[in-house]
Amino acid sequence: MIDKKLADPKPTTDTTSDDRAPIARRNFLLGAGTAVAAGLAAPAEAQQPKPAAGPAAAPPAANEPEPFVTLTAPEAAFIVAAVDTLIPADELSPAGSDCGVAVFIDRQLGSAWGGGAKMYRSGPFQKGKPEQGYQLALTPREFFAAGITAANAWTRKTYGKEFDLLAGAQRVEALKAMEEGKAEFQNFSARAFFGQLYAITMAGFFSDPMYGGNRNKVAWKLLGFPGLPATYADKIDAYRNKRYVAEPQSIADFS
């Protein structure tokens with residue numbers, strides 16, 4: 001599903017895998033990565049009203065994991081296991097959670113976007129066509145809560161345990177079943193859930209690090225993406241159709 005060496009932005013439907021190549025490792029990265037890095041700078045954060053200035057929270061210690069702001073313990077366990085399966089550690093990057101992807105997802109779901117800000121939610125909610133996009137009454141936070149509950153219920157029925165407790169090969173198998181719509185969720189679409197999970201994982205891996213994901217700019221370095229476009233706008237003409245090598249710059253680097 002996430003192969004850093006290929007350029008197909010679509011989730012793979014390849015059913016062959018093993019613990020060394022979880023879910024056909026990062027198929028979309030080189031093709032979709034640059035566009036995502038430039039365009040998915042967590043718009044949810046921009047929708048949040050700015051709170052009154054107050055004492056700054058102490059940052060976590062260097063080796064201490066960042067606390068989750070909205071995910072419950074079972075939800076956090078699922079998300080960490082899912083992003084580590086979609087983005088397993090290899091010679092190109094650390095695992096998804098070590099890249100901050102789970103923190104990114106938690107922050108987004110705890111933001112105004114996660115609460116449904118600027119979403120039309122007055123109904124009627126009817127079954128739409130795929131090209132019509134999201135058609136549910138649930139906020140993104142509610143959607144992921146329901147999806148994780150349904151996913152864990154299905155894995156308990158199928159494998160005898162929650163998703164995060166499955167062996168690596170079983171996690172791959174379970175995510176593929178969700179991707180292909182073969183996982184039988186109770187009153188919920190496994191395919192739709194996987195699609196949203198995959199999209200927010202991709203966003204977290206490529207977003208500006210100030211939003212919690214792409215820790216140490218690992219995804220940008222992987223692609224050779226120099227970061228904040230304003231920092232190299234004057235070089236576009238000189239380097240047109242040429243490789244431009246520079247240390248990536250984040251929004252946080254200028255704040």
Side-chain angles (χ1 to χ4, degrees), residues 1-14 20-48 50 59 62 66 83-108 111-113 118 131 133 195-255:
M1 222 172 287
I2 304 184
D3 191 332
K4 298 169 183 173
K5 301 172 185 173
L6 302 178
D8 181 2
K10 297 180 181 178
T12 182
T13 55
D14 183 11
R20 293 172 298 171
I23 312 189
R25 183 90 159 104
R26 301 177 203 168
N27 277 350
F28 64 82
L29 290 195
L30 295 183
T34 301
V36 173
L40 288 179
E45 298 276 344
Q47 296 175 6
Q48 298 185 69
K50 294 186 180 296
E66 295 185 54
V83 301
D84 284 353
T85 306
L86 290 168
I87 309 176
D90 64 7
E91 71 282 2
L92 298 173
S93 85
S97 62
D98 291 330
C99 294
V101 176
V103 170
F104 171 90
I105 293 172
D106 175 67
R107 289 182 182 180
Q108 292 304 296
S111 73
W113 172 80
K118 299 187 178 181
E131 61 268 24
Q196 293 295 319
L197 175 65
Y198 181 84
I200 202 169
T201 297
M202 182 172 69
F205 190 59
F206 287 113
S207 67
D208 192 290
M210 72 175 292
Y211 299 107
N214 191 16
R215 189 172 293 156
N216 298 322
K217 304 166 190 169
V218 61
W220 291 357
K221 292 174 182 177
L222 170 68
L223 296 172
F225 179 67
L228 198 63
T231 65
Y232 56 87
D234 60 331
K235 299 177 178 62
I236 291 176
D237 289 334
Y239 284 89
R240 191 176 301 276
N241 298 322
K242 300 177 184 177
R243 185 181 182 189
Y244 175 63
V245 180
E247 184 67 20
Q249 298 293 305
S250 163
I251 296 172
D253 294 330
F254 298 89
S255 50

Do [X] and [Y] have side chains that approach each other closer than 4.5 Å (heavy atoms only, starting at C-beta)?
X	Y	value
Leu86	Phe205	no
Tyr211	Arg107	no
Val218	Leu222	no

Verify the neighbour count for atom OH of Tyr239: are there more than 12 heavy atoms of other residues, nucleotides or ligands below 6.0 Å?
no
If every non-hydrogen atom of [X] is compared with every non-hydrogen atom of [Y], which pair is closest and at what distance?
X	Y	result
Trp113	Gln108	CE3-O, 3.4 Å
Thr201	Leu197	OG1-O, 2.8 Å
Ser207	Gly204	OG-O, 3.5 Å
Asp208	Ala252	OD1-N, 4.3 Å

side-chain hydrogen bond (donor to acceptor under 3.5 Å, both in side chains) partners of Arg240, counting only residues at least two apart
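Partners of Arg240 by the side-chain hydrogen bond (donor to acceptor under 3.5 Å, both in side chains) criterion, ordered by chain and then number, come out as Asp237.
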What side-chain donor-acceptor pairs closer than 3.5 Å can you find for residues 97-105, not counting sequence neighbours?
from	atom 1	to	atom 2	distance (Å)
Ser97	OG	Asp84	OD1	2.9
Ser97	OG	Asp84	OD2	3.0

Mind checking what makes side chain to side chain contact (heavy atoms under 4.5 Å, CB included) contact with Pro209, not counting sequence neighbours?
Asn214, Lys217, Trp220, Ser250
